[in-house]
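Encoded as structure tokens, the structure appears first; notes follow it.
What you see is a predicted model, and the numbers here were worked out from it, not measured in a lab. Start at 1 and go down the list; that is how both ligands and their atoms are numbered.
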Amino acid sequence: MNIAIMGSGKGSNAEAIFSAIADGTLPAKVVALLSDVPDAGILHQGARYGINGTYIDAGPYRTKLDGPGEQRYLNVLLASGADTVVLAGFMRIIKHGLLKAFPNRIVNIHPSLLPAFPGLDAWRQALDYGVKVTGCTVHLVDEGTDTGPILEQMAVPVRDDDTAESLHARIQVCEHRIYPSALRRLATGSLRFQGRRLVAIH
Ligand code: GRF
């Protein structure tokens with residue numbers, strides 16, 4: 001599996017993926033590492049593993065990848081030979097152009113048990129709501145926001161003394177387990193759905 005990783009932040013999920021590839025537990029090759037934030041931590045994580053990251057201007061829209069910015073990403077992704085796009089903290093909504101170029105092959109990780117708490121700062125939403133269990137979800141990306149078919153989830157109990165930061169930190173530990181694991185299943189099989197329910201990867 002040839003993956004392109006895209007992120008905007010510190011890149012701890014990308015690091016977990018690089019590490020799984022390096023230790024031989026994830027049969028994949030990183031063919032592109034892209035960020036919409038110059039000097040983002042994720043680009044430095046790549047450098048630690050000998051992967052050249054690239055900043056690409058995503059254009060004037062702050063919350064989506066569309067128009068000329070989308071085209072710039074598309075050009076690089078298509079030239080890289082990527083068959084799978086892995087979003088690891090990429091803070092823009094993916095629009096039609098990319099979805100059409102990589103049907104059912106764009107994956108995302110979200111810090112809640114979807115469909116609860118889509119959108120930004122999901123761990124804070126969970127804490128404010130008062131749920132006792134939250135978690136993280138790896139899912140395929142579709143036209144909605146955090147609405148695509150679910151590949152893998154892990155639950156995280158919410159403690160009475162949690163802060164947004166402590167809860168997010170425990171969720172991230174689980175993210176780093178399920179993202180490489182879901183990608184391993186994608187790399188070694190093909191997806192079969194019943195409606196939106198994933199029933200098997202052979
Ligand atoms: C993670 O919490 C992920 O769930 C969300 O963005 C964050 C990225 O963190 N989509 P990192 O850059 O991988 O550390």
Side-chain angles (χ1 to χ4, degrees), residues 3-22 26 28 30 32-49 51 53-56 58 62-65 73 84-95 98-99 106-129 131 133-142 144-158 162-184 186:
I3 62 175
I5 301 185
M6 293 172 38
S8 314
K10 68 180 194 285
S12 67
N13 280 285
E15 203 277 336
I17 293 164
F18 299 147
S19 161
I21 293 172
L26 174 57
V30 179
L33 172 63
L34 310 179
S35 180
D36 59 337
V37 176
D39 212 35
I42 193 168
L43 298 174
H44 295 284
Q45 292 286 7
R48 289 179 50 221
Y49 286 84
I51 294 162
T54 313
Y55 158 72
I56 300 180
R62 281 184 47 220
T63 56
K64 63 178 179 177
L65 187 59
Y73 275 76
T84 306
V85 177
V86 174
L87 304 180
F90 190 69
M91 297 306 287
R92 289 167 196 267
I93 294 167
I94 301 300
K95 306 302 284 184
L98 243 69
L99 290 168
I106 305 180
V107 195
N108 184 41
I109 184 140
H110 182 78
S112 75
L113 290 177
L114 290 170
F117 311 122
L120 289 177
D121 294 348
W123 61 91
R124 194 183 300 275
Q125 293 184 52
L127 198 62
D128 291 347
Y129 193 94
V131 293
V133 179
T134 185
C136 47
T137 303
V138 179
H139 65 95
L140 297 180
V141 177
D142 66 6
T145 302
D146 304 321
T147 52
I150 291 170
L151 298 178
E152 204 152 320
Q153 292 187 298
M154 191 176 276
V156 175
V158 181
D162 259 330
T163 60
E165 292 70 31
S166 65
L167 181 56
H168 188 211
R170 285 206 315 292
I171 291 172
Q172 286 226 290
V173 172
C174 295
E175 290 183 347
H176 303 158
R177 288 174 56 186
I178 66 168
Y179 218 172
S181 148
L183 292 175
R184 189 177 311 124
L186 273 183

Pairing residues for His176 by the side-chain contact (heavy atoms from CB on, under 4.5 Å) criterion, not counting sequence neighbours:
Ser12, Asn13, Ala16, Gln172
Does the side chain of Ile56 reach to within under 4.5 Å of the side chain of Ser35, using non-hydrogen atoms?
no
For Asp128, side-chain contact (heavy atoms from CB on, under 4.5 Å) partners two or more places apart:
Arg124
Amino acids contacting ligand 1, non-hydrogen cut-off under 4.0 Å
Gly9, Lys10, Gly11, Ser12, Asn13, Gly89, Ile109, His110, Pro111, His168, Gln172, Glu175
Thr134 side chain to Val156 backbone, donor-acceptor under 3.5 Å
no
Contact between Tyr55 and Val37 at the side-chain level, heavy atoms closer than 4.5 Å - yes or no?
no
Residue pairs involving residues 146-158 (criterion salt bridge (Lys or Arg N to Asp or Glu O under 4.0 Å); sequence neighbours excluded)
Glu152-Arg185
